[in-house]
Amino acid sequence: MKIGIFGGTFNPPHLGHLAAAEAAIGALGLDKLYIVPASIPPHKELPEGTPAPEHRLAMAAKLADALLLPQVVQLSEMELKREGKSYTADTLAALREEYPEAELWLLMGTDMFLTLHRWREPEKILKLAGVCAFGRTEQDGEAVFAPQREYLQRTCPGARITTIPLPGLVDISSTRLRELLARGEGGDYLIPAVYGYILRNQLYSTHADLKRLAIPELRACSYSMVMQKRVRHIRGTEEEAVRLAQRWGADPDQARRAGILHDCTKYLELEEQLALCERYGVELDELERRAVKLLHSKTGACIARHVFGEPDEVYNAIFWHTTAKENMTTLEKILYVADYMEPNRTFEGVERLRELAYSDLDKALLLGVETTIQEMKDRSLPVHQSTLRAQAWLREHGVTTEG
Ligand code: ATP
């Protein structure tokens with residue numbers, strides 16, 4: 001078993017870290033990669049304004065999640081939980097104890113590699129793990145790596161050292177990013193979910209007004225609230241909703257914002273969902289009280305309105321996007337249908353729904369509603385009253401799924 005260890009202060013994690021982790025997993029053929037945020041780094045002071053450890057941990061978790069390899073990439077709190085300075089030798093010794101047979105590989109960029117001989121117990125480190133070094137800038141070629149590799153191999157015989165190229169080299173440091181963020185820049189160097197987390201928590205002197213975010217920042221905030229694997233669907237829904245708004249004469253900007261935010265509370269636990277409903281005065285029926293899937297549309301609407309300042313139209317579109325209801329507005333229909341048939345959806349019958357969405361929006365809505373009702377019946381699950389009312393209302397108004 002090959003295990004990689006990627007330590008750092010991750011203050012904040014950025015696209016350079018992501019590119020390095022991605023490349024090392026591939027180049028070394030890692031079975032596991034631990035991302036290990038340091039508590040107190042031995043080699044540098046944590047600068048003033050460094051977010052609390054739980055924030056650095058949450059951001060590092062987003063770096064891990066962004067790699068989309070949940071079986072391989074894991075976040076480790078080992079150093080954050082250990083008292084005192086975070087020495088790599090201690091971390092490796094603990095991992096060696098846990099995995100006596102594994103081949104350990106320590107990942108590091110040029111700056112760390114060139115100072116490795118000055119770390120605490122470098123011989124021990126090189127005995128416990130191989131070193132996988134990568135460049136941080138275009139200039140970091142073999143001429144930079146070779147003398148240090150030769151020195152380490154001479155002073156620590158048997159040391160395993162490999163250097164790997166980074167196909168997606170990103171020339172950025174957390175230090176530079178902190179400066180950029182404080183000036184309201186830097187988003188392009190961050191994993192969107194990390195950027196959104198920073199904005200929502202006003203870290204690194206960012207003071208974005210969450211009620212007036214531009215689209216890239218709104219996306220980042222939304223993605224920071226969900227798992228990375230859901231982002232494709234959210235993006236697909238956003239784009240489909242905009243196309244449908246253009247087709248049916250609704251406001252494309254509202255459609256976009258509703259699409260971006262519609263699933264932002266999807267991963268909250270039932271208790272958190274109920275607490276939000278309570279806080280924002282959403283009345284719930286018996287069925288909704290126990291169905292997270294039904295609750296996320298209501299709480300998502302509340303977050304859209306109260307946190308991100310979205311207007312009633314967007315609030316209502318999100319509120320009804322799971323159950324639908326009678327007499328829906330065009331924007332409500334659009335979000336419901338877009339969520340159902342955005343390009344990443346693959347269920348049987350989705351093509352028919354796609355055709356109808358652009359030829360007759362009501363028919364598409366009815367088809368979506370009836371597909372849901374059928375699915376619930378097949379799974380012996382109760383159908384929400386609003387969904388049944390949506391079906392009845394559409395049928396009373398002469399809508400069919402024929403033709
Ligand atoms: P700071 O600017 O605060 O010193 P940093 O950007 O160097 O931070 P760290 O969290 O200290 O980030 O880095 C963790 C590890 O990631 C180190 O081994 C470092 O060399 C490596 N690394 C950092 N930035 C990059 C980058 N842009 N490309 C490749 N590796 C990087």
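Just follow the structure's listing: the first ligand is 1, and inside any ligand the first atom is 1. These numbers come from a predicted model, not from an experiment.
- Protein residues with any heavy atom under 4.0 Å from ligand 1: Phe6, Gly7, Gly8, Thr9, Phe10, His14, Gly16, His17, Lys44, Met108, Gly109, Asp111, Met112, Phe134, Gly135, Arg136, Leu166, Val170, Ile172, Ser173, Ser174, Thr175, Arg178.
- A salt bridge links Glu375 with Arg379: the distance from a Lys NZ or Arg NE/NH1/NH2 to an Asp or Glu carboxylate oxygen falls below 4.0 Å.
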With a cut-off of 3.5 Å and sequence neighbours excluded, list every side-chain donor-acceptor pair involving residues 3-12.
unit_1: Asn11; atom_1: OD1; unit_2: Tyr204; atom_2: OH; d: 2.7
unit_1: Asn11; atom_1: ND2; unit_2: Thr50; atom_2: OG1; d: 3.1

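- Residues His384 and Glu288 meet the side-chain proximity criterion, which asks for heavy atoms closer than 4.5 Å.
- When atom types are taken as modelled, the side chain of Arg305 and the backbone of Gly309 share no donor-acceptor pair closer than 3.5 angstrom.
- With respect to the salt-bridge test (charged N to carboxylate O, under 4.0 angstrom), the residues Glu310 and Arg257 qualify.
- Panel note: side chain Ser86, backbone Ser39; a donor-acceptor pair is recorded below 3.5 Å.
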